[in-house]
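Everything on this sheet refers to the single structure shown next.
Sequential numbering from 1 along the given sequence is applied to the chain's residues.
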Amino acid sequence: MAEQDRDRRFTEQLQRHHRRLYGYIFSLVRNHADAQEVFQQTSLTLWEKFDDFRPGTNFIAWSCTVARFKAFDFLKQQRRRRVHFTDDFELRLAAAHESVPQSAFQARSVALEDCIEKLPPAQRELLRECFGGERSVAAVAEELGRTSHSVYSSLRNIREKLLDCVEAAVSEDGEP
């Protein structure tokens, strides 16, 4: 019976504070899918450690502490997996994306796919490894026996080549 009582008390606390806890997690990871994943991890840890929680103390403070550590662990793993942009850059990118008409966006997307296919196989593979995989640029560089700086330099050159190719392709089609 004590186990059922423990489970009931935990469920009541989690349901009572669900929105606030989720909101706190979302404020840390800023993405709903990621927040949902961290919330699930946090909930599992809270349930496993619920015997450490002292009734009558602040459940939300305790759960937010656990959530903070889970979110930081999650973000650390994410940083290792992919290239990230600054928040300011992402906002500018979103604003620029919204200002492009759908037809121009589609034309540029098709042109980009064509331009990527025109790249030498080694450059296509580098793009795939750095932006399509789960590994960091540093991990890709290590596997290739190169420095991170060297890989970033190659990526910059590829980006410039793709930009020139896309601009040429859409100007031929009369697109902006």
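- Between Glu3 atom CD and Asp7 atom CG the span is 5.0 Å, to the nearest 0.5 Å.
- Of the options Asn157, Thr147, Val137, a side-chain contact (heavy atoms from CB on, under 4.5 Å) to Tyr152 is made by Val137 and by none of the others.
- In plain terms, the two heavy atoms of Cys130 and Val151 that are nearest each other are SG-CG1, 3.9 Å.
- Between Trp47 and Phe50, the ring centre distance reaches or exceeds 6.0 Å.
- At a cut-off of 3.5 Å, with distance as the only test, a side-chain donor of Tyr22 or His32 sits close to an acceptor on the other residue.
- Looking at heavy atoms from C-beta onward, Thr11 lies in side-chain contact with Gln15 at the 4.5 angstrom threshold.
- To the nearest 0.5 Å, atoms CD1 (Ile25) and OG (Ser63) are separated by 8.0 Å.
- Among all heavy-atom pairs drawn from Ala138 and Ser148, the shortest one is CA-OG, 3.5 Å.
- We find the CD1-CG distance between Ile158 and Leu126 to be 4.5 Å, quoted to the nearest 0.5 Å.
- The shortest distance between side-chain heavy atoms of Leu21 and Leu14 falls below 4.5 Å.
- Of the N and O atoms on the side chains of Arg146 and Ser154, at least one donor lies less than 3.5 Å from an acceptor on the other residue.
- Between Phe39 and Lys70, every side-chain heavy-atom pair lies at or beyond the 4.5 Å cut-off.
- Using a cutoff of 4.0 Å between basic side-chain nitrogens and carboxylate oxygens, Glu12 and Arg9 are not scored as salt-bridged.
- No close placement of the Phe69 and Phe72 rings is indicated, their centers lying 6.0 Å or farther apart.
- Looking at heavy atoms from C-beta onward, Leu119 lies in side-chain contact with Leu162 at the 4.5 angstrom threshold.
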